[in-house]
Amino acid sequence: MGYEVPTLVQAQAIPVVLAGRHVLVNAATGTGKTIAYLAPIIHHLQMYDPRIDRASGTYALVLVPTHELCMQVYEILQKLLHRFHWIVPGYVMGGENRSKEKARLRKGWISLLRL
Ligand SMILES: Nc1ncnc2c1ncn2[C@@H]1O[C@H](COP(=O)(O)OP(=O)(O)OP(=O)(O)O)[C@@H](O)[C@H]1O
């Protein structure tokens, strides 16, 4: 995405997440929290050897409170996954065709769920 330097929140949170510890981040809007949790997830998933495939189901779940935030996170996720074409993102927001939602959950290795 062309970012060269992590934001403060990213620099503080990412190493702790990568170390496998639980993290609670509280920071102002626009400080880079989204990538602080998405980057470690992608880092972890892209290391699987052999690579996970489409039949593997969901590996990561992100819960978001609103439709808008869900779409915002999905957009960033798609950009971050640009180089990792085998990692499939998906989202489920409710109010949609159930079988389509199920299919997305089944093949989405990183799924966003709107609460
Ligand atoms: N390391 C970085 N360098 C430069 N820009 C960045 C970096 N990380 C994120 N950004 C940009 O900063 C903006 C805010 O990032 P992001 O949406 O992740 O913040 P946030 O804290 O999750 O915000 P919100 O609380 O509104 O969800 C976005 O435009 C994103 O592309």
Side-chain angles (χ1 to χ4, degrees):
M1 292 176 80
Y3 301 149
E4 290 179 9
V5 181
T7 65
L8 180 63
V9 150
Q10 291 161 359
Q12 290 181 333
I14 289 174
V16 186
V17 179
L18 288 176
R21 292 175 50 205
H22 290 198
V23 177
L24 180 64
V25 175
N26 182 9
T29 186
T31 49
K33 296 185 295 290
T34 311
I35 292 175
Y37 64 81
L38 289 181
I41 292 174
I42 295 169
H43 174 75
H44 184 68
L45 292 184
Q46 60 84 29
M47 284 198 308
Y48 273 76
D49 184 18
R51 281 182 185 178
I52 46 183
D53 64 28
R54 279 182 179 269
S56 306
T58 294
Y59 271 70
L61 203 55
V62 177
L63 304 179
V64 293
T66 65
H67 176 279
E68 290 71 26
L69 193 56
C70 186
M71 295 320 296
Q72 194 181 308
V73 173
Y74 183 65
E75 213 172 283
I76 294 171
L77 187 52
Q78 279 184 310
K79 287 185 188 154
L80 290 174
L81 288 173
H82 183 65
R83 286 168 189 270
F84 306 105
H85 56 85
W86 64 96
I87 302 176
V88 183
Y91 61 83
V92 172
M93 288 206 260
E96 278 189 278
N97 178 307
R98 279 195 175 224
S99 51
K100 270 192 198 164
E101 290 185 339
K102 266 204 227 161
R104 281 206 202 125
L105 273 179
R106 235 180 264 129
K107 79 172 181 192
W109 297 328
I110 300 181
S111 289
L112 307 173
L113 272 196
R114 198 209 71 181
L115 294 177

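Counting starts at 1 for both ligands and their atoms, following the listed order.
Looking only at heavy atoms of the protein, atom 24 (P) of ligand 1 is closest to T29 OG1, 3.3 Å. The shortest contact between atom 22 (O) of ligand 1 and any protein heavy atom is with T34 OG1, 2.7 Å. Taking atom 4 (C) of ligand 1 as the reference point, the nearest protein heavy-atom neighbour is Y3 CD2, 3.4 Å. Residue, atom and distance of the protein heavy atom nearest to atom 19 (O) of ligand 1 are G32 N, 3.1 Å. Residue, atom and distance of the protein heavy atom nearest to atom 12 (O) of ligand 1 are G30 O, 4.3 Å. Atom 25 (O) of ligand 1 has K33 NZ, 2.8 Å as its closest protein atom, hydrogens excluded (heavy atom only).
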- Message: L77 vs I41, test: side chain to side chain contact (heavy atoms under 4.5 Å, CB included). Steps then yes/no.
- Response: CA-CA 10 Å; L77 187 52; I41 292 174; over 6 Å; no

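Going from atom OG1 of T66 over to atom CD of Q72 covers 8.0 Å, rounded to the nearest 0.5 Å. With values rounded to the nearest 0.5 angstrom, M47 atom CE is found 9.5 Å from L45 atom CG.
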With a cut-off of 3.5 Å and sequence neighbours excluded, list every side-chain donor-acceptor pair involving residues 11-31.
from: T31; atom 1: OG1; to: A28; atom 2: O; distance (Å): 2.6

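Proximity of Y48 to I87: side-chain heavy atoms (C-beta onward) are nowhere separated by under 4.5 Å. Residues Y3 and I35 have side chains in contact (heavy-atom distance under 4.5 Å, counting atoms from C-beta outward). Here the side chains of M71 and M93 are in contact, with some heavy-atom distance below 4.5 Å. No side-chain heavy atom of K79 sits less than 4.5 Å from a side-chain heavy atom of I76.
Residue V5 touches ligand 1 through its backbone alone, judged by heavy-atom distances below 4.0 Å.
Considering backbone and side-chain atoms alike, L69 places every N or O at 3.5 Å or more from each N or O of ligand 1. In terms of polar-atom proximity, P6 is not counted as a contact of ligand 1, lacking any N or O under 3.5 Å from an N or O of the ligand.
Interface atoms of ligand 1 facing Q10, defined by a heavy-atom separation under 4.0 Å, are 1 (N), 2 (C), 7 (C), 8 (N), 9 (C). Close approach of ligand 1 to T7 is summarised as follows: ligand atoms under 4.0 Å from at least one heavy atom of the residue are 1 (N), 2 (C), 7 (C), 8 (N).
Contact between V73 and ligand 1 is absent, with no heavy atom of the residue lying under 4.0 Å from the ligand.
Under the 3.5 Å distance criterion, the side-chain polar atoms of Q10 are matched with a main-chain donor or acceptor of G32.
Less than 4.0 angstrom separates atom 29 (O) of ligand 1 from none of the non-hydrogen atoms of the protein.
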